[in-house]
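Report on the structure given below.
The sequence lines fix the lettering, A, B, ..., with proteins before strands; numbering per chain opens at 1.
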Protein chains: 2
Amino acid sequence: MAIKNKTRYAILGVLSLMSGSGYDIKKFCDKTIAHFWNENFGHIYPVLAQLEEEGLISKAASSKDERRKEYSITAKGREEFCKWMMEPIEFQPARSELLLKVSFGSNIPKERVIEMIKLVKQRYESRLEEYRAMEESFLKNKKESEKPESVYWIAPLRYGIIATEAAIKWCEETISRLNG
Amino acid sequence: MAIKNKTRYAILGVLSLMSGSGYDIKKFCDKTIAHFWNENFGHIYPVLAQLEEEGLISKAASSKDERRKEYSITAKGREEFCKWMMEPIEFQPARSELLLKVSFGSNIPKERVIEMIKLVKQRYESRLEEYRAMEESFLKNKKESEKPESVYWIAPLRYGIIATEAAIKWCEETISRLNG
DNA sequence: ACGTACATGTAAATGGTTACATGATTGA
DNA sequence: TCAATCATGTAACCATTTACATGTACGT
């Protein structure tokens with residue numbers, strides 16, 4: 001078997017919106033869903049080959065570039081993808097290095113823990129700025145944002161914003177708790 | 001080599017607070033850090049053997065139970081652990097099945113997406129209740145909560161509460177956006 | 001007698017990242 | 001001519017989970 005689950009569906013999802021090469025899929029991921037989903041070539045290409053073998057996607061050689069392979073989702077693939085979409089979401093057990101380190105904070109000077117959280121806060125803040133810029137540019141682009149499907153793109157972005165704001169709030173609270 | 005990083009430090013962290021068997025370590029994890037860090041026996045035992053080989057922990061046979069092995073952290077282990085504690089936190093690339101599904105929501109009826117998010121919201125709500133109960137019982141236990149180290153236990157719990165509240169807020173916002 | 005908790009471990013499967021290998025095309 | 005981008009793929013490694021295997025101790 002090798003290589004399964006998750007990446008399969010990410011790829012099928014991308015191909016449900018557009019046809020393209022492995023390279024295109026990677027580009028699309030980086031551009032749109034990167035902040036909550038990452039894919040790498042080492043994973044994409046073998047999964048593409050596997051999906052094609054299963055008949056969930058079909059391959060066509062590009063007329064322009066010999067090497068380039070253009071993939072499209074098949075009816076069977078769309079069916080399989082929708083089946084997965086309907087299934088309840090599996091809660092994955094989280095592993096947070098940040099919280100693990102905070103838990104064992106008594107092993108190092110309190111000032112170092114504060115420093116650590118300040119650094120994390122900075123990273124959250126710059127991330128938040130990015131998200132806000134993305135939101136703004138999306139809303140400015142009326143052609144995109146007035147489409148009925150736009151809600152499916154804005155919602156994950158909103159998640160990023162809301163979750164990051166909360167994380168920053170926690171940093172502030174924790175720093176003041178450590179100081180006080 | 002095999003088996004490395006992360007679990008090593010989780011185990012060293014637990015042993016920095018108490019000595020005990022692999023079984024004890026698992027119990028401790030389940031009781032205290034389970035909501036952001038999980039460990040399983042299949043991982044703990046091989047890592048314990050490895051840490052002992054490296055001289056980061058030491059083993060003593062229990063007087064009561066032949067099988068039971070009691071591990072303690074060594075000076076070298078404490079040093080290694082503190083070194084890791086001082087290192088900046090690596091941001092791990094997240095993979096959110098929820099956001100992936102929302103992104104590709106246009107493939108299924110809108111009502112199903114709403115249903116999906118309602119289900120997720122319910123799970124977040126029951127989780128939030130758990131966290132709040134944990135917080136309350138911790139604050140009631142004056143002996144524990146008045147220790148200076150208590151901040152390191154309350155902070156991760158606060159993170160759980162704040163982050164979950166934010167997630168619920170997002171669910172509500174998204175549901176109303178989908179309805180409106 | 002039965003179930004639960006205590007206790008330790010191995011093997012296999014799964015999932016994911018990084019490094020390596022190769023080479024064409026396009027634009028500055 | 002040099003860098004960036006396009007393009008595909010394999011191999012190795014690392015990390016984690018699940019299933020299997022085994023058995024004792026203690027309370028009801």
Looking at the side chain of [X], which of [options] is the nearest nucleotide?
{"X": "B:Asn40", "options": "D:dT18, C:dG16, D:dT10", "value": "D:dT18"}
{"X": "A:Lys27", "options": "C:dG9, C:dT10, D:dC6", "value": "D:dC6"}
{"X": "B:Lys6", "options": "D:dT8, D:dG23, D:dT16", "value": "D:dT16"}
{"X": "A:His43", "options": "D:dT17, C:dT10, C:dG16", "value": "C:dG16"}
{"X": "A:Tyr45", "options": "C:dG9, D:dT8, D:dG23", "value": "D:dT8"}
{"X": "A:Arg68", "options": "C:dT17, D:dA7, C:dT8", "value": "D:dA7"}
{"X": "A:Tyr23", "options": "D:dT16, D:dC6, D:dT17", "value": "D:dC6"}

> Is there a donor in the side chain of A:Trp37 and an acceptor in the side chain of A:Glu39, or the other way round, less than 3.5 Å apart?
Replying inline: yes
> Does the side chain of A:Asp24 pick up a donor-acceptor pair with the side chain of A:Ser21 at under 3.5 Å?
Replying inline: yes
>> Taking the ring centre of each residue, are A:Phe104 and B:Tyr9 less than 6.0 Å apart?
In response: no
Atom pair distance, as rounded to whole Å: [atom1] in [X] and [atom2] in [N]:
{"X": "A:Glu39", "N": "D:dT8", "atom1": "CD", "atom2": "C1'", "answer": "16 Å"}
{"X": "B:Leu48", "N": "C:dG9", "atom1": "CG", "atom2": "P", "answer": "8 Å"}
{"X": "A:Ile25", "N": "D:dA7", "atom1": "CD1", "atom2": "P", "answer": "12 Å"}
{"X": "B:Ile44", "N": "D:dA15", "atom1": "CD1", "atom2": "C1'", "answer": "15 Å"}
{"X": "B:Leu100", "N": "C:dG16", "atom1": "CG", "atom2": "C1'", "answer": "15 Å"}
{"X": "B:Phe41", "N": "D:dA21", "atom1": "CZ", "atom2": "C1'", "answer": "15 Å"}
{"X": "A:Phe28", "N": "D:dT5", "atom1": "CZ", "atom2": "P", "answer": "20 Å"}
{"X": "A:Gln50", "N": "C:dG16", "atom1": "CD", "atom2": "C1'", "answer": "14 Å"}

>> Judged by each residue's nearest nucleotide on DNA chain C, which is more toward the 5′ side, A:Trp37 or B:Glu70?
In response: B:Glu70
>> Heavy-atom nearest nucleotide on DNA chain C for B:Tyr71 versus B:Arg95: which residue maps closer to 5'?
In response: B:Tyr71
> So, is B:Ser21 near the phosphate of C:dT8, with a side-chain N or O under 4.0 Å from OP1 or OP2?
Replying inline: yes
> Within less than 4.0 Å of OP1 or OP2 of D:dT16, is there a side-chain N or O belonging to B:Asn38?
Replying inline: no
>> Please identify which of these residues, A:Arg127, A:Arg158, A:Lys121, A:Arg132, meets the salt bridge (charged side-chain N to carboxylate O under 4.0 Å, His left out) condition with A:Glu165.
In response: A:Arg132
> Is there a donor-acceptor pair under 3.5 Å between the side chain of B:Ser19 and the backbone N or O of B:Ser72?
Replying inline: no
